[in-house]
Amino acid sequence: MRIEFPNSAREDFHWDAPALRIGSAPDNDLILAAHQAGSHHLKILLDRRGWVLQVLPQGNRVYVNARPVREKALLRAGDILSVGDCRMLLRSDEEPAHSSPVTVPAEGRCTVALRAVAGPLSGRVLSLQDKLELGPTGRIPLELPQGEAASMSVLWRDGQLWLETGQQSKRYPLRVNGTPVEQATLRPGDQIGLGMHRFVVDAPGLEPEPEITLPPPGPEHLPEEDAGPRGEVWWLIATAAVLALGIAVALLVRF
């Protein structure tokens, strides 16, 4: 993960450990100013679900994409984390233009939608057929601060899902998973950011099929192997012979 500080001269912060501690005390991994954060304000943990934000008892005023977080929250690349007046943009180490994009045939296109998770359109689900345009020239307007304008498009091209920028804003670049782009291929779960707007790509049909690998064939299984070790079989035969001999002797003595 890389943390960028928008509108600040502070250098980016790189982190690859399973836990990140943020606060104003010197024993934190990422140290903020005392007027911004408590001594031990929050932690970000990496587990099987992804990045998990945990607000510590000394923490307050923690926001993710302008929404308050009281205890825990799941984070994704492209989220804006606010602590006091410090804004942190979470970025993925992976480039948004995926090296192996998913390609589907035209007749096999799956359902794709952009789910707005932050900004004025929060809560809306925007479906895509062939092309979805957002901005001044599209059917969905995008409000930006101070009257700035920008636009973007999500479309199918050669069986792949693409994001393209149209009218650009100098202050608010188009981002995928926190990284500025002009165009990029998209996958399910990618987060598109433009100003205060955040959209998550929902496209289950673009998930690659899991590869099924069969275990290598073992030696042929014989039915007699289920009867146990060979020693047990001979022991049973010997026991049966002794019992039969004992019964025969008993009958001879009786008669």
Side-chain angles (χ1 to χ4, degrees), residues 1-16 20 30 44 50-51 53 63-67 74-83 85-102 112-122 126 128 131-138 140-158 160-203 206:
M1 175 196 288
R2 183 166 68 175
I3 298 179
E4 180 181 318
F5 300 87
N7 305 320
S8 172
R10 183 166 182 170
E11 295 183 355
D12 293 355
F13 178 85
H14 296 266
W15 168 58
D16 57 4
L20 172 66
L30 177 57
I44 299 178
W51 302 332
L53 165 68
Y63 297 85
V64 175
N65 297 330
R67 294 186 175 183
L74 283 174
L75 302 174
R76 67 173 71 237
D79 283 341
I80 291 286
L81 177 62
S82 299
V83 180
D85 61 358
C86 179
R87 299 175 71 245
M88 294 170 278
L89 171 66
L90 309 183
R91 293 180 54 172
S92 173
D93 292 328
E94 180 185 1
E95 291 296 327
H98 302 289
S99 58
S100 56
V102 180
V112 175
L114 299 186
R115 177 166 45 89
V117 296
L121 300 175
S122 181
L126 311 177
L128 166 71
K131 185 176 184 179
L132 176 63
E133 296 181 296
L134 297 91
T137 59
I140 306 294
L142 292 176
E143 301 176 12
L144 293 178
Q146 301 180 357
E148 292 204 33
S151 62
M152 66 178 186
S153 301
V154 179
L155 66 154
W156 288 102
R157 181 195 299 157
D158 298 329
Q160 299 173 359
L161 192 63
W162 280 83
L163 170 70
E164 292 183 346
T165 184
Q167 182 178 354
Q168 299 188 45
S169 168
K170 294 182 179 179
R171 295 187 58 192
Y172 304 102
L174 181 64
R175 296 176 181 268
V176 174
N177 298 333
T179 302
V181 299
E182 292 187 358
Q183 64 176 11
T185 57
L186 297 174
R187 285 187 174 183
D190 283 344
Q191 181 167 196
I192 303 170
L194 182 59
M196 75 286 282
H197 298 277
R198 295 288 182 278
F199 302 94
V200 174
V201 178
D202 285 337
L206 281 182

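None of these values were measured; they are calculated from a predicted model.
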By side chain to side chain donor-acceptor pair (under 3.5 Å), Asp85 pairs with (sequence neighbours left out) Gln36
Looking at Asp79, Leu81, Leu90, Leu74, which hits side-chain contact (heavy atoms from CB on, under 4.5 Å) with Leu53? Leu81
Could you measure the distance from the CZ atom of Arg10 to the SG atom of Cys86? Nearest 0.5 Å is fine. 6.5 Å
Among His197, Arg67, Arg198, which one satisfies side chain to side chain donor-acceptor pair (under 3.5 Å) with Ser122? Arg67
So, taking the atom named CG in Leu186 and the one named CZ in Phe199, what distance separates them when rounded to the nearest 0.5 Å? 12.5 Å
When every non-hydrogen atom of Ala203 is compared with those of Val112, the smallest separation belongs to CB-CG2, 3.8 Å
Pairing residues for Glu143 by the salt bridge (Lys or Arg N to Asp or Glu O under 4.0 Å) criterion, not counting sequence neighbours: none
For Ala113, side-chain contact (heavy atoms from CB on, under 4.5 Å) partners two or more places apart: Val125
Taking C-beta and beyond as the side chain, do Pro145 and Arg171 meet within less than 4.5 Å on heavy atoms? no
Can you give me the closest heavy-atom contact between Leu144 and Ala150, atom names plus distance? CD1-CB, 3.7 Å
Rounded to the nearest 0.5 Å, what's the gap from CD on Gln191 to CG on Asn65? Could you check? 6.0 Å
Sequence neighbours left out, what passes side-chain contact (heavy atoms from CB on, under 4.5 Å) with Phe13? Give chain and number order. Ile3, Phe5, Trp15, Leu20, Leu30
Partners of Ser169 by side chain to side chain donor-acceptor pair (under 3.5 Å), sequence neighbours excluded? Glu148
Does Arg115 have any salt bridge (Lys or Arg N to Asp or Glu O under 4.0 Å) partners at least two apart in sequence or in another chain, and if so, which? Asp202
Side-chain heavy atoms of Leu161 within contact of Thr185, under 4.5 Å: no
Looking only at non-hydrogen atoms, find the nearest pair between Gly178 and Leu89 and report the distance. O-CD2, 3.6 Å
Counterpart residues, side-chain contact (heavy atoms from CB on, under 4.5 Å), relative to Ile140 (two or more places apart): Leu121, Arg124, Leu126, Leu134
Who passes side chain to side chain donor-acceptor pair (under 3.5 Å) against Glu11, sequence neighbours left out? none
Looking at NE2 of His14 and CZ of Arg91, how far apart are the two atoms once the value is rounded to the nearest 0.5 Å? 8.5 Å
Kindly write out the residues that satisfy salt bridge (Lys or Arg N to Asp or Glu O under 4.0 Å) with Arg175, not counting sequence neighbours, or none if the list is empty. Glu4
Pairwise side-chain contact, Met196 with Pro120, heavy-atom cut-off 4.5 Å (strictly under): yes
Residue list, side chain to side chain donor-acceptor pair (under 3.5 Å) with Arg2, at least two apart or on another chain: none
For Ala149, check side-chain contact (heavy atoms from CB on, under 4.5 Å) against everything at least two apart and list the hits. Pro136, Gln167
What are the two closest heavy atoms between Glu133 and Ser153, and how far apart are they? CG-OG, 3.6 Å
Close side-chain approach of Ile192 to Leu174, heavy-atom, < 4.5 Å: yes
Intermediate values then yes/no, side-chain contact (heavy atoms from CB on, under 4.5 Å), Val200 and Arg76: CA-CA 10 Å; Val200 174; Arg76 67 173 71 237; 3.8 Å; yes
